Structure formats: C-alpha cells, structure tokens
Amino acid sequence: MISDLKGLHEKIYETVKQIPFGKVASYGQIANIVGCTPRMVGFALASLKNNKVPWHRVINSKGTISLKEFEAMETQRLFLEREGVEFNKNGKVDFKKFGWNGDS
DNA sequence: CGGTTGACGTGGA
DNA sequence: GTCCACGCCAACC
C-alpha cells in the first residue's frame, strides 16, 4: 500500500523504491501497480533526478533496457549485474528468475 | 487552455 | 525470433 496520491510520479517512485535488491520489474508491472499507463512510468523515471529511487531495476517488458543514451543503459546494466541480476547475450534479463513478483 | 512529448505495451507483418 | 505502427494518458511548454 502506498501513501496517498500527491502526484502520479510520487506514487510510481514509491513503488519502484519497493523493488527488492537483486530483482527487476517491468514498466508495465509498475504501471499496473500504480494503476496508470506504462508511458507514465517511463516518464516519471525519466524525470527522476534523485538517486533515492532504484530506477535501474526497472526495464521494459522485453527484458531489455530502452534508454536513449548508450551511457545510461550501460550504467543500468552494471547496476543490475552488481545486484546479481544476470544478462543474456542479447542483453536481456530473465524475468523468470529476477522478475519482481510485487512482494517486497 | 491546447499541443507536444515520452525509460512502454501490444498486435500484426 | 525481430521490426513497425498505433494507442495510453499525465506532465511539460
């Protein structure tokens, strides 16, 4: 359960913050939890400027990183690998093993 | 107040 | 399996 909605962004932030260490969630998953469209999830994280939110644990449904800047995607991948998340040769994450069930 | 934007998702080819 | 087009809806200008 999340605090009262002050803004969709904050709600999304709270949800992302609940993602446990070594787990990853898709934008659609977050969108489903907060009850908004996946677009907003990405938009919210894009606006993210504070490092309190583990945005690196959020990826698209394909299990890949969709960041525009190559730098950013590299950073995210390194962060996930550091947390124990394995990347395939295609650069995809196995949701079967690292997918967040929504249970913190 | 209106148009544009955007870290996506899904369906179809 | 991959790639392309359309749709979603709040935030931003």
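What you are looking at is a predicted structure, and each value in this text was computed from that prediction instead of being measured. Below, chain A is the first sequence line, B the second, and so on; all start at residue 1.
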Please, which pairs that meet salt bridge (Lys or Arg N to Asp or Glu O under 4.0 Å) have at least one residue in [range], sequence neighbours excluded?
{"range": "residues 19-34 of chain A", "result": "none"}
{"range": "residues 85-104 of chain A", "result": "A:E86-A:K97"}
{"range": "residues 75-85 of chain A", "result": "A:R57-A:E83, A:R77-A:E81"}

Length of the line joining [X]:[atom1] and [N]:[atom2], which is rounded to integer Å:
{"X": "A:N60", "N": "B:dT10", "atom1": "CG", "atom2": "C1'", "value": "13 Å"}
{"X": "A:I30", "N": "C:dC8", "atom1": "CD1", "atom2": "P", "value": "22 Å"}
{"X": "A:K89", "N": "C:dG1", "atom1": "NZ", "atom2": "P", "value": "17 Å"}
{"X": "A:N32", "N": "B:dG9", "atom1": "CG", "atom2": "C1'", "value": "12 Å"}
{"X": "A:N88", "N": "C:dT2", "atom1": "CG", "atom2": "P", "value": "11 Å"}
{"X": "A:K62", "N": "C:dT2", "atom1": "NZ", "atom2": "P", "value": "9 Å"}
{"X": "A:I59", "N": "B:dG9", "atom1": "CD1", "atom2": "C1'", "value": "14 Å"}
{"X": "A:N90", "N": "C:dC3", "atom1": "CG", "atom2": "C1'", "value": "15 Å"}

Sort and list the pairs that fulfil ring-ring contact (aromatic ring centres under 6.0 Å, His included) and have at least one residue in residues 46-86 of chain A, not counting sequence neighbours.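 Residue pairs passing ring-ring contact (aromatic ring centres under 6.0 Å, His included), neighbours aside: A:H56-A:F79.
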Given C:dA10, C:dC8, C:dT2, identify the nucleotide with an atom nearest to the side chain of A:T37.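 The answer is C:dC8, which lies nearest to the side chain.
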Can you figure out which of C:dA11, C:dT2, B:dG9 approaches the side chain of A:K92 most closely?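 Output: C:dT2.
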Using side chain to side chain contact (heavy atoms under 4.5 Å, CB included) as the criterion, list what pairs up with A:Y27, not counting sequence neighbours.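 Listed in chain order: A:V41, A:L45, A:V58, A:N60, A:S66.
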Applying side chain to side chain contact (heavy atoms under 4.5 Å, CB included), can you list everything that pairs with A:A46, at least two apart in sequence or on another chain?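 None.
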Report the C-alpha separation of A:H9 and A:M40 in whole Å, then their side-chain angles, then the decisive distance to 0.1 Å, and conclude whether the side chain to side chain contact (heavy atoms under 4.5 Å, CB included) test is met. CA-CA 8 Å; A:H9 279 172; A:M40 283 279 49; 4.1 Å; yes
Could I get the full list of side-chain hydrogen bond (donor to acceptor under 3.5 Å, both in side chains) partners for A:K62, not counting sequence neighbours?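 A:K62: no side-chain hydrogen bond (donor to acceptor under 3.5 Å, both in side chains) contacts found.
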Atom pairs under 3.5 Å: protein N/O with N/O of nucleotides 1-3 of chain B:
none

Could you pull out the closest heavy-atom pair between A:A25 and A:W100, with the gap in Å?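 Scanning both residues, the minimum pair turns out to be CB-CE3, 3.8 Å.
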Closest-nucleotide ordering on DNA chain C, the 5'-leading residue of A:C36 and A:S47: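 Residue closer to the 5' terminus by nearest nucleotide: A:C36.
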Between N or O atoms, less than 3.5 Å apart, protein on one side and nucleotides 11-13 of chain B on the other: list the pairs.
none

